[in-house]
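Here the structure comes first, spelled out in structure tokens, and everything after it is commentary.
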2 protein chains.
Amino acid sequence: MAPRPLPSLTRDQIVAQAFILLEEEGLESLSMRRLAGKLNVQAPALYWHVTDKAELLGMMARDIYAAAYAGTDAAQDWRDWLMQFGRALHASLASHRDGARLCAMARPPSPLDAQIQASRIAAPLSALGLEEDQALAHQAAVIAFTLGWSTYEANGPMRDFLRQIMDFDATFTIGLEALVSGLDLRRPG
Amino acid sequence: MAPRPLPSLTRDQIVAQAFILLEEEGLESLSMRRLAGKLNVQAPALYWHVTDKAELLGMMARDIYAAAYAGTDAAQDWRDWLMQFGRALHASLASHRDGARLCAMARPPSPLDAQIQASRIAAPLSALGLEEDQALAHQAAVIAFTLGWSTYEANGPMRDFLRQIMDFDATFTIGLEALVSGLDLRRPG
DNA sequence: ACCTGAACACCGTTCAAGT
DNA sequence: ACCTGAACACCGTTCAAGT
């Protein structure tokens with residue numbers, strides 16, 4: 001009765017619990033009301049910490065991408081970096097139920113200054129010798145391929161069908177290698 | 001042959017009206033109730049023609065893919081076919097509001113026999129000399145890349161951000177070319 | 001065969017009011 | 001500052017009943 005404890009909600013707590021709920025029930029059942037229930041709070045309470053559900057999903061997607069960057073170690077060259085990053089993103093998307101669908105529908109949080117953001121994103125590849133334009137284009141290609149692939153992988157019936165006719169993980173790696181090799185061909189020199 | 005007393009609903013009508021509603025209001029507002037309203041019918045009436053909303057979305061996704069295949073003409077070789085198909089799919093996804101998100105969440109309709117379906121899908125590339133395994137793997141790679149790319153393109157804030165730092169269409173084509181070239185490298189001979 | 005009316009069990013979000 | 005209670009305007013889906 002009357003549970004009014006000192007620790008109040010934080011955005012991090014909300015996101016963490018949202019991931020738990022996602023794992024347990026799937027994206028369809030990830031509602032603000034259920035999430036609030038898990039946090040022993042009424043649904044409107046969430047709106048003090050978060051502007052709307054889209055922002056919450058955006059924060060979750062941000063975490064999934066962040067895990068991919070964190071899983072990409074120091075690389076020999078930009079091709080190595082892209083391969084590592086593609087595999088890490090693939091793993092990160094697969095590590096959360098409906099991770100790919102979540103990222104497919106999430107809007108990016110806080111549109112900061114585009115140029116600053118761009119050079120931050122390009123930084124790891126720039127450090128390996130790519131110009132910023134190329135760094136962004138190549139990374140976008142790898143993300144698109146990986147997100148698209150993971151989308152199919154996350155689609156139950158589609159996955160069951162494709163599993164019967166190909167080795168899913170091996171074919172992903174082959175495709176990723178093909179993409180990175182192809183990007184290499186376009187390099188001057 | 002036998003004349004019907006009144007023109008009743010058909011699945012095709014429902015799908016056609018769903019595309020109109022999608023264009024006008026977006027995926028968020030594509031509800032069974034609104035769709036029924038547009039068809040001058042009550043919502044439960046739709047459930048006589050369609051098992052559920054997921055099936056309806058599946059039929060819409062099927063049409064989007066079908067347009068991509070229809071937009072792929074006779075090709076010189078399998079690389080040409082993949083390039084054409086990638087561009088046609090890109091165009092088809094972009095031609096409907098939220099087309100990529102729709103395909104990302106739709107489940108494929110009617111899981112027929114996997115082997116039969118597989119050879120149907122592989123047919124155009126098999127005719128150009130690819131073995132069925134390669135045909136499926138290469139087509140899956142192109143679809144994944146294109147769907148993933150279109151997903152970002154359809155994401156309003158993300159698109160606005162990326163537009164500032166790259167030429168979206170040109171970079172798509174470059175990535176697609178890189179992917180297909182890279183697949184070519186893996187060909188024996 | 002095909003559709004309506006009414007209902008069930010939900011949603012996201014707002015907002016005055018409490019603490 | 002942080003949360004509740006109550007409400008608004010919706011959802012997808014089921015099902016008995018009508019035609």
Side-chain angles (χ1 to χ4, degrees), chain A residues 1-22 24-61 97-98 101-102 105-107 109 156-157, chain B residues 1-22 24-61 97-98 101-102 105-107 109 156-157:
Chain A
M1 282 306 262
R4 299 174 197 269
L6 295 173
S8 63
L9 279 183
T10 66
R11 284 162 69 92
D12 284 352
Q13 271 175 51
I14 293 173
V15 172
Q17 194 62 248
F19 270 117
I20 293 174
L21 186 54
L22 180 68
E24 290 174 354
E25 313 269 6
L27 188 56
E28 250 78 68
S29 302
L30 177 51
S31 74
M32 298 299 268
R33 288 168 192 266
R34 285 167 92 99
L35 178 56
K38 279 257 178 191
L39 291 161
N40 293 117
V41 113
Q42 301 302 314
L46 299 176
Y47 288 85
W48 200 91
H49 302 275
V50 145
T51 69
D52 54 17
K53 187 179 180 179
E55 193 194 32
L56 174 62
L57 296 179
M59 291 190 292
M60 296 174 76
R97 172 138 64 138
D98 295 328
R101 273 165 65 213
L102 194 158
M105 63 189 295
R107 72 168 187 226
Chain B
M1 285 299 206
R4 302 193 175 202
L6 281 177
S8 63
L9 278 183
T10 66
R11 286 163 68 93
D12 285 351
Q13 271 175 49
I14 292 173
V15 172
Q17 194 63 248
F19 270 117
I20 293 174
L21 186 54
L22 180 68
E24 290 173 353
E25 313 270 6
L27 188 55
E28 251 77 68
S29 302
L30 176 52
S31 74
M32 299 300 269
R33 288 167 192 266
R34 284 166 93 100
L35 178 54
K38 280 258 179 188
L39 292 160
N40 291 117
V41 111
Q42 301 301 315
L46 299 176
Y47 288 85
W48 201 92
H49 301 275
V50 145
T51 70
D52 54 18
K53 187 179 181 180
E55 193 194 32
L56 173 63
L57 297 179
M59 291 190 292
M60 296 174 77
R97 172 139 62 139
D98 294 329
R101 273 166 65 212
L102 193 159
M105 62 187 295
R107 72 168 186 225

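Here is how names work: the chains are called A, B, and so on, in the same order as the sequence lines, proteins then strands, and each is numbered from 1.
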Base-pairing string, 5' to 3', of DNA chain C - Watson-Crick or wobble, under 3.5 Å, | interstrand: ||.|||||...|||||.||
Roughly how many Å is it from [atom1] in [X] to [atom2] in [N], rounded to a whole number?
{"X": "B:L9", "N": "C:dC3", "atom1": "CG", "atom2": "C1'", "result": "9 Å"}
{"X": "B:E28", "N": "C:dC11", "atom1": "CD", "atom2": "P", "result": "17 Å"}
{"X": "A:R33", "N": "D:dC11", "atom1": "CZ", "atom2": "P", "result": "15 Å"}
{"X": "A:L35", "N": "C:dC10", "atom1": "CG", "atom2": "P", "result": "16 Å"}
{"X": "B:L46", "N": "D:dT14", "atom1": "CG", "atom2": "P", "result": "13 Å"}
{"X": "B:M32", "N": "C:dC3", "atom1": "CE", "atom2": "P", "result": "13 Å"}

For B:R97, which residues count as a salt bridge (Lys or Arg N to Asp or Glu O under 4.0 Å) partner, sequence neighbours excluded? none
Test side-chain contact (heavy atoms from CB on, under 4.5 Å) applied to B:L35 and B:I20, B:L21, B:L22, B:V41, the passing residue: B:L21
Can you tell me how far the [atom1] atom of [X] sits from the [atom2] atom of [Y], to the nearest 0.5 Å?
{"X": "B:L39", "Y": "B:H49", "atom1": "CG", "atom2": "NE2", "value": "9.5 Å"}
{"X": "A:Y47", "Y": "A:E55", "atom1": "OH", "atom2": "CD", "value": "11.0 Å"}
{"X": "A:D98", "Y": "A:L30", "atom1": "CG", "atom2": "CG", "value": "9.5 Å"}
{"X": "B:M60", "Y": "B:L102", "atom1": "CE", "atom2": "CG", "value": "5.0 Å"}

How close do B:A106 and B:A61 get, counting heavy atoms only, and between which atoms? CB-CB, 3.6 Å
Only one of B:Q17, B:E24, B:E25 forms a side chain to side chain donor-acceptor pair (under 3.5 Å) with B:K38, so which one is it? B:E24
Residues A:L27, B:M105; criterion side chain to side chain contact (heavy atoms under 4.5 Å, CB included); working and verdict: CA-CA 11 Å; A:L27 188 56; B:M105 62 187 295; over 6 Å; no
Between C:dA9 and D:dA9, how far apart are the two P atoms, rounded to whole Å? 23 Å
Sorted by number, the residues of residues 47-58 of chain B with heavy-atom contact under 4.0 Å to DNA chain D: B:Y47, B:D52, B:K53
Toward the 5' end of DNA chain D, which comes first, B:R34 or B:P44, by nearest nucleotide? B:R34
Nearest of C:dG12, C:dT4, D:dT4 to any side-chain atom of A:Q42? D:dT4
